[in-house]
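Every value quoted in this text rests on a predicted model; they were computed, and no experiment measured them. Letters A, B, ... mirror the listed sequences (proteins, then strands); counts begin at 1.
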There are 2 protein chains.
Amino acid sequence: MKNNYINSILQGDCIEKLKLIESNSIDLIFADPPYNMQIQGELTRVNGSNFNGVSNESWDKFDSIKAYKDFCRKWLIECQRILKNKNSSIWIIGSYQNIYIIGDLLQELGFWLINDIIWKKSNPTPNFRGTKFTNAQETLLWATPNKKTKYTFNYKTMKNINNGKQMTSIWELPVASGSERLKDIDGNKLHQTQKPEKLLYNIIISSTKKGDTILDPFLGTGTTATISKKLGRNYIGIEQDKKYIHYAEQRIKNQVVIDDDYVNAVLDKKLVRVPFKKLIEEGFIDKNEYIYFNKTEEYAVISDVKELLYNGKHYSIHSLAGILKGLERANGWDYWYVKHNNKYISIDHYRKLYREKYS
Amino acid sequence: MKNNYINSILQGDCIEKLKLIESNSIDLIFADPPYNMQIQGELTRVNGSNFNGVSNESWDKFDSIKAYKDFCRKWLIECQRILKNKNSSIWIIGSYQNIYIIGDLLQELGFWLINDIIWKKSNPTPNFRGTKFTNAQETLLWATPNKKTKYTFNYKTMKNINNGKQMTSIWELPVASGSERLKDIDGNKLHQTQKPEKLLYNIIISSTKKGDTILDPFLGTGTTATISKKLGRNYIGIEQDKKYIHYAEQRIKNQVVIDDDYVNAVLDKKLVRVPFKKLIEEGFIDKNEYIYFNKTEEYAVISDVKELLYNGKHYSIHSLAGILKGLERANGWDYWYVKHNNKYISIDHYRKLYREKYS
DNA sequence: CATTGATATGAATCCTACG
DNA sequence: ACGTAGGATTCATATCAAT
């Protein structure tokens, strides 16, 4: 195990604690930093009662945009350091008050944006005074620590969750409320900005593998850690406020681990690569046999130099299929057939048989 | 008329031409700046044909993020200068490749964000390779040139357009296609990033008044100018490419001007302010008459010091209504009734009569 | 128990003309 | 510039009480 702090919460200053984490050791970071909102006075609802927002929260006070940006630069540099070099990514959530500052900073620091995801709130707080359009979303930036870093994306899993359609960059979800919302002993909301579990579910299921380590530098009441545990991932949390840590630890402890096809990204499991040559070696297809393009009479001959011989030249199944289709590229497995017992048999059929034999 | 260039298109470099515009003279700017697209090589559709993205356009090559930011700083500073001091705003559209750079810059330059609007494309270009979430939106930043500048927002008009509900920051619209999409003489799309007319309609209807002047520093094929004319606003356009200007001028010329309640923001016309005292002066309500709270037997007496006398103290209709409701603020016009001919009559009814008399 | 209605609440840069 | 008072303004959803 690479990291000493795995599955624990570090209490203290975010940047200080990040410095303790080993370089090149984290698979995913989810960060929900303070939003630097400039709250003026008190805001009353239309019925005259008071709106209890994030005003007077000491953790969201910065002297200037520059002070906020300097703070973010520090923790982002640490994040960039601790993320794995070969395969990792970071998610950061914010709203219009801070997300442009952070997005610019990410690009300045050499992070590479993959997507900006819009969390469309199905039940946003309305604009009580009619002064502007109702602010109905928060924005998530998804990035790799640099341009060349690969990242996990369980594409087919997300497509399946999304009823068979490609999942888009706009996610409609309600805000955390009701029984999901943590309450303190007086029955008031424990934390002003608790994130919905479904949001973390989407993030973790889409961009990590089972067993990965997920770090949250602003853990709060522990949604990230709880859902990480639930989905068979490891977590590391950093949080300043002991009260929140107390609740988070209880919450994580009570969380049951689930284990299903989504958790395991079964749909995104890579199939064994089968070089066409293997089908010949295994005897599914014979050397010097004819291979027919797209069930037509157009054929090539199976050879052992680049596999196909056509008009005196040697090709791979993919390059020759491309040439015959008149396209820049083609997937040869979709086009070639052999004639066995006087019937066209797709070479992809034999690939399936090969995979069944060796799995 | 303040501006010499009103209802014309300036051909040339954006920053150079912006410098010709008088300070403090523009009501609204809409900017669709070139995107800093960082497509690596050519994007290929799954069927092998080439996808005609924007990567090959010559205006879209910037050496680095820094060069792009410097370019944007220059034109944004000019925009800040030419916008009216008292009542104006700017809209900028972009996608994740450039909008974070621009949003950060706006805040650095002292612009004040009002909203970030998500244009959710109902028909986005799918992600052909399945490598990330389908990028389904573009982002519009709406800002004033500085924190203290007021801005036009036709709240009720937009609420009405949105079926009686507050309009939110997420607008679902299709991309410009079909007959709306301008074609060149070969039948290919004339401009890579032509914006849908409904997008400009929303922007202009929501944040300008009839007769305002709207400037577009990257006019392209003239959607902004065309819709400005259509809605009874003036336009100024700047565009480098003579070919686009040619098409834009034809398009503007052919545009018919419409004139309806939305164009005139009839719903957002300010009603005459009526001090409660006026109802007494006009004889709708008598001095020393009883005024009843919320149709209950709780009453105050009409006096001429702050209008209401209750338990020996003087109040305004608003402050006493607030106190009796136990709220910090209340709209007195909604709560007070007088008893005329033994029937409760709302004071708001008399305010309506007063307004009818003096309008 | 099912249905209806009242009440509470969510990351919010949430008023403005007049004197 | 600043204080004061007139007056305009809310949507979806969960919970809980009442019927």
Side-chain angles (χ1 to χ4, degrees), chain A residues 32-57 59-62 65 68 93-100 119-139 172-181 183 187-189 191-196 218 220, chain B residues 87 107 111-116 142-144 147-148 150-151 153 155-156 159 162-169 268 270-278 306-307 315-319 321-322 329-335 347-348 351 355:
Chain A
D32 181 13
Y35 285 8
N36 188 34
M37 294 201 296
Q38 306 292 307
I39 306 296
Q40 303 290 339
E42 288 197 330
L43 177 62
T44 49
R45 294 174 183 280
V46 180
N47 68 9
S49 67
N50 206 52
F51 178 76
N52 182 18
V54 288
S55 55
N56 301 320
E57 295 291 334
W59 46 257
D60 197 26
K61 290 271 181 283
F62 295 89
I65 289 177
Y68 181 74
I93 187 166
S95 69
Y96 70 93
Q97 296 89 344
N98 71 327
I99 201 66
Y100 298 97
W119 167 25
K120 178 183 176 183
K121 299 180 184 182
S122 54
N123 52 349
T125 306
N127 182 288
F128 302 131
R129 296 285 171 80
T131 57
K132 53 171 74 173
F133 295 101
T134 304
N135 183 17
Q137 84 273 9
E138 294 189 30
T139 301
E172 182 164 349
L173 304 172
V175 300
S177 70
S179 60
E180 186 183 332
R181 191 90 194 195
K183 304 288 195 299
N188 299 317
K189 64 181 172 188
H191 194 283
Q192 303 285 10
T193 70
Q194 187 183 331
K195 293 293 173 288
F218 307 94
Chain B
N87 195 302
Q107 292 179 81
F111 285 86
W112 193 248
L113 292 177
I114 308 167
N115 274 127
D116 54 348
W142 184 29
T144 53
K147 188 173 175 178
K148 289 190 174 167
K150 304 290 180 201
Y151 56 95
F153 179 49
Y155 171 75
K156 288 184 177 171
K159 186 174 170 179
N162 193 41
N163 298 316
K165 297 273 169 70
Q166 275 191 346
M167 198 150 160
T168 79
S169 53
D268 282 288
K270 292 274 190 302
L271 293 170
V272 178
R273 258 174 104 102
V274 182
F276 180 66
K277 202 177 290 179
K278 288 283 178 192
K306 281 189 175 176
E307 290 97 40
Y315 302 92
S316 75
I317 55 170
H318 307 296
S319 61
R329 68 174 69 206
N331 181 354
W333 295 102
D334 291 342
Y335 290 109
I347 60 171
D348 201 36
R351 184 169 62 160
R355 281 179 171 149

Within the 4.0 Å heavy-atom criterion, would you say B:Tyr155 contacts the bases, only the backbone, or no part of the nucleic acid?
sugar-phosphate

C:dT4, syn or anti by chi within 90 degrees of zero
anti

Nearest-Å distance for atom pair CG/P, residues A:Asn127 and D:dA12:
14 Å

Sorted by chain and residue number, the salt bridge (charged side-chain N to carboxylate O under 4.0 Å, His left out) partners of A:Lys189 (sequence neighbours excluded) come out as none

Set of residues satisfying side-chain contact (heavy atoms from CB on, under 4.5 Å) with respect to A:Thr125, sequence neighbours excluded
A:Phe51, A:Phe128

Would you indicate which nucleotide in D:dA12, D:dT10, C:dA12 comes nearest to any side-chain atom of B:Gln166?
D:dT10

If I pick the C1' atom on C:dG10 and the same atom on D:dG7, what distance separates them, to the nearest angstrom?
26 Å

Could I get the full list of side-chain hydrogen bond (donor to acceptor under 3.5 Å, both in side chains) partners for A:Tyr68, not counting sequence neighbours?
A:Asn98

Please report the distance, rounded to the nearest Å, between NZ in B:Lys159 and P in D:dA8.
14 Å

Just to be sure I understand the rule, does A:Ser179 reach a base, reach only the sugar-phosphate, or reach nothing, if contact means heavy atoms closer than 4.0 Å?
sugar-phosphate

C:dT16 and D:dT9: how far apart are their C1' atoms, nearest whole angstrom?
14 Å

Please check the phosphate of D:dA8 (OP1 and OP2 only) for any side-chain N or O of B:Arg351 closer than 4.0 Å.
yes

Whole-Å distance, A:Lys120 NZ to D:dT13 P, equals 11 Å

What nucleic acid atoms does A:Asn135 come within less than 4.0 Å of, heavy atoms only: base, sugar-phosphate, or nothing?
sugar-phosphate

Those residues that, when tested against B:Asp116, pass salt bridge (charged side-chain N to carboxylate O under 4.0 Å, His left out) (two or more places apart)
none

Whenever both distances are under 3.5 Å in a Watson-Crick or G-U wobble pair, mark it; put DNA chain C into dot-bracket that way, with [ ] for crossing pairs and | when the partner is on another strand.
.|||||||||....|||||

Nearest heavy-atom pair of A:Pro174 and A:Asn123: which atoms, and what distance?
CA-OD1, 3.3 Å

Please identify each residue that fulfils ring-ring contact (aromatic ring centres under 6.0 Å, His included) with B:Tyr151, with sequence neighbours left out.
B:Trp142

Provide the distance between the two P atoms, one in D:dA8 and one in C:dA11, to the nearest whole Å.
30 Å

Interface polar pairs with nucleotides 16-19 of chain C, N/O, under 3.5 angstrom:
none

Assign A:Gln97 to base, sugar-phosphate, or nothing according to its heavy-atom contacts below 4.0 angstrom with the strands shown.
base

Check against side-chain contact (heavy atoms from CB on, under 4.5 Å), B:Met167 and A:Thr134
CA-CA 6 Å; B:Met167 198 150 160; A:Thr134 304; over 6 Å; no

Please measure how far the C1' atom in D:dC16 lies from the corresponding atom in C:dC1, and state the result in whole Å.
15 Å

Once you apply a heavy-atom cut-off of 4.0 Å, does B:Leu113 come out as touching a base, just sugar-phosphate, or nothing?
base

Taking atom NZ of B:Lys165 as the centre, report whether more than 12 heavy atoms of other residues, nucleotides or ligands fall under 6.0 Å from it.
no

From C:dA12, D:dG6, D:dG7, nucleotide with atom closest to B:Trp333 side chain:
D:dG7

Would you please name every residue forming a side-chain hydrogen bond (donor to acceptor under 3.5 Å, both in side chains) with A:Thr131, sequence neighbours left out?
A:Asn127

Using atom CG of B:Asn331 as one end and atom P of D:dG6 as the other, report the distance to the nearest whole Å.
11 Å

Run the side-chain contact (heavy atoms from CB on, under 4.5 Å) test against B:Asn163 and tell me which residues pass, sequence neighbours left out.
none

Atom-to-atom span, CD of A:Glu42 to C1' of D:dT9 - whole angstrom
17 Å

Considering only atom P, compute the distance from C:dA12 to D:dG6 and round it to an integer number of Å.
31 Å

Using atom names, set out every protein N or O paired with an N or O of nucleotides 7-11 of chain C below 3.5 Å, distance rounded to 0.1 Å.
| unit_1 | atom_1 | unit_2 | atom_2 | d |
| --- | --- | --- | --- | --- |
| C:dG10 | OP2 | A:Lys189 | NZ | 2.5 |
| C:dG10 | O5' | A:Lys189 | NZ | 3.2 |
| C:dG10 | N9 | A:Thr125 | OG1 | 3.4 |
| C:dG10 | N7 | A:Arg45 | NH1 | 3.4 |
| C:dG10 | N7 | A:Arg45 | NH2 | 2.8 |
| C:dG10 | O6 | A:Arg45 | NH1 | 2.6 |
| C:dG10 | N2 | A:Asn123 | O | 3.3 |
| C:dG10 | N2 | A:Pro124 | O | 3.1 |
| C:dA11 | OP2 | A:Arg181 | NH1 | 2.7 |
| C:dA11 | OP2 | A:Arg181 | NH2 | 3.2 |
| C:dA11 | OP2 | A:Gln192 | O | 3.3 |
| C:dA11 | N7 | A:Tyr35 | OH | 3.4 |
| C:dA11 | N7 | A:Lys195 | NZ | 3.3 |
| C:dA11 | N6 | A:Pro33 | O | 2.9 |
| C:dA11 | N1 | A:Tyr35 | N | 3.1 |

Sequence-distant partners of B:Lys278, salt bridge (charged side-chain N to carboxylate O under 4.0 Å, His left out), two or more places apart:
B:Glu281

Indicate whether the side chain of A:Tyr35 and that of A:Glu138 have a donor and an acceptor atom separated by less than 3.5 Å.
yes

Let me know the distance between OH of B:Tyr335 and P of D:dG6, rounded to the nearest Å.
17 Å

The nucleotide from D:dT9, D:dG7, D:dG6 with an atom nearest the side chain of B:Lys156 is D:dT9

Starting at CD of A:Gln137 and ending at C1' of C:dA12, how long is that distance when rounded to a whole Å?
13 Å

Listed partners of A:Tyr100 passing ring-ring contact (aromatic ring centres under 6.0 Å, His included), at least two apart
B:Tyr100

Integer-rounded Å distance: D:dA5 P and B:Lys278 NZ
18 Å

